[in-house]
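Read through the structure below, which is laid out as structure tokens, and then see the notes.
Counting convention: from 1, in listed order, for ligands and their atoms alike. In this chain, numbering begins with 1 at the start of the sequence shown.
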Amino acid sequence: MSDTTRRNFLKTSAAAAAAGSLLNGFAGDARAFSAADDTIKVGLVGCGGRGTGAASQALSTEGPVALVAMGDVFGDQLDASEKRIKGALRDKSDRVQVADDAKFVGFDAYKKVIDSGIDLVILATPPGFRPFHFEYAVNKGVHVFFEKPVATDAAGVRRVLDSVKLAKEKNLKVGVGLQRHHQYTYLETMKRLKDGAIGDIVATRVYWNNRGVWDPRKNRDQVSGEMEYQMRNWYYYNWLCGDHICEQHIHNLDVSNWLKGGHPVKARGTGGRQVRTDKKYGEIFDHHCVQFEYEDGTYMFSECRHQPNVWNSVSEHALGANGFANIGGASITANGGETWRYKGKKNNPYQTEHDNLFAAVRNDLPYNEGEYGATSTMTAILGRMCTYSGKELTWEQALNSEVQIVESADLTWDSTPPTVPDADGFYPIPHPGLTKVV
Ligand SMILES: NC(=O)c1ccc[n+]([C@@H]2O[C@H](COP(=O)([O-])OP(=O)(O)OC[C@H]3O[C@@H](n4cnc5c(N)ncnc54)[C@H](O)[C@@H]3O)[C@@H](O)[C@H]2O)c1
């Protein structure tokens, strides 16, 4: 599109957006996309690996776009991220336009970024903070891309669901980092399965079994106290991470929910720490194995394991009345016959999810992925509640749980984290049969 065409197009779409907003009865506290300044101004909260990647992808979308504000609890993370985004953008590095007074460090950085006049915020901190950051962004009328998972406890999911509803009322666009929904292989395979390629889906099997993630990044003698220790090593603390069933296995659980067109109604499971037992690994389990039951009586069989030198697989499979499919592998075998394999174009779903979201912002198209982001997060939390407690739980019991592990995002370095170690540095580990989850 030439500049003139684009400008006219943006004017038209901005006028359409304004008209649409009036029709929706939308009072206008969302920053409707402006034709006068057609640059989409982006802010980044959480300048780690994914935030850096997401910002680079946001800045690689069609049309004028600029990163104008950044926030992190750690200044070193922010500075490194800015350099990496510029490096990734190469000849488009002038899209990074973050003035020194638009770089915010601290637990309140999210508010400062969101209040800095941006159109869209990328929320990519550890997930424990997400419900609060998302709620603030929606209240302030900012479009959102937020990473998965969107919470680490049921109270957080409820907060997100309320904000998703408000975002719809305010005509805000919301993208969630479950990028399989934008990956051509998944889209085509899913379409065929939903069109009945293997008949009714009888069961799904989903796995995130691999050796695990990074080892704790900082030792105690490299940090200023318990809060910084947990924040630097956030993956190993349930309030920040949600355990790895939530942090990573959510991708696979989400694919099963997508195929079934809903969430499980009941679950039971088992899990624990067999291998990753050192105190430096905080409080999370290293394996969970859960049977989720859907409303129609069919099952999703789920495993996630972080252990080295064992059978590994990150994948999703479906068993139907007339065949089976490897969804991630994009193959379908029906009626004992030939196997269909995806041969079409491949894409980078991390880029496409941003292309789609930014196109929706520019063209004022309906766009809200928050609900399935919240539902798949809750599915993972339900699974974790079952493995921690050893109980069978219903969706309703889990979603309405009174056990809130993160109460606020407005912390200080002197705040006491929700979990603390004993005198020897060991954290309390969930104990099936004793641990209370609802
Ligand atoms: N969709 C995907 O495939 C995918 C891939 C990787 C990560 N992620 C998600 O992205 C999120 C971040 O993961 P990551 O790998 O980038 O972690 P990371 O540790 O590299 O980055 C997290 C950043 O957030 C900062 N931070 C922590 N608390 C903050 C707060 N309250 N306010 C501001 N900044 C804060 C940290 O200092 C750090 O810079 C996770 O939820 C993860 O699941 C998604």
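Residue Arg217 touches ligand 1 through its side chain alone, judged by heavy-atom distances below 4.0 Å. Using a 4.0 Å cut-off between heavy atoms, Tyr110 makes no contact with ligand 1 at all.
Look at Tyr235 and you'll find every heavy atom at least 4.0 Å from all atoms of ligand 1. At a 4.0 Å cut-off, not a single heavy atom of Ala54 sits close enough to ligand 1 to count as contact. Within the 4.0 Å heavy-atom shell around ligand 1 one finds Pro127. Residue contacts with ligand 1: Ala109 is excluded, as none of its non-hydrogen atoms falls under 4.0 Å. Between Gln248 and ligand 1 there is no heavy-atom distance shorter than 4.0 Å.
Taken to the nearest 0.5 Å, the CD atom of Glu295 stands 10.0 Å off from the OG1 atom of Thr298. The distance from atom CD1 of Ile327 to atom OG of Ser315, rounded to the nearest 0.5 Å, is 9.5 Å.
Within the set Glu247, Arg50, His251, the minimum heavy-atom distance to atom 42 (C) of ligand 1 is found for Glu247. Between atom 37 (O) of ligand 1 and the options Asn233, Asp72, Leu178, the minimum heavy-atom separation is to Asp72.
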Please table the atom pairs, donor to acceptor, closer than 3.5 Å between any side-chain atom in residues 402-409 and protein atoms at least two apart or in another chain.
unit_1, atom_1, unit_2, atom_2, d
Gln404, NE2, Val406, O, 3.1
Ser408, OG, Asp410, N, 2.8

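Ranking the protein heavy atoms by distance from atom 20 (O) of ligand 1 puts Gly49 N, 2.9 Å first.
The N/O atoms of Gly177, backbone and side chain alike, include one that comes under 3.5 Å of an N/O atom in ligand 1.
Each salt bridge (Lys or Arg N to Asp or Glu O under 4.0 Å) pair with one or both residues in residues 273-284, not counting sequence neighbours, appears once here: Asp215-Lys280.
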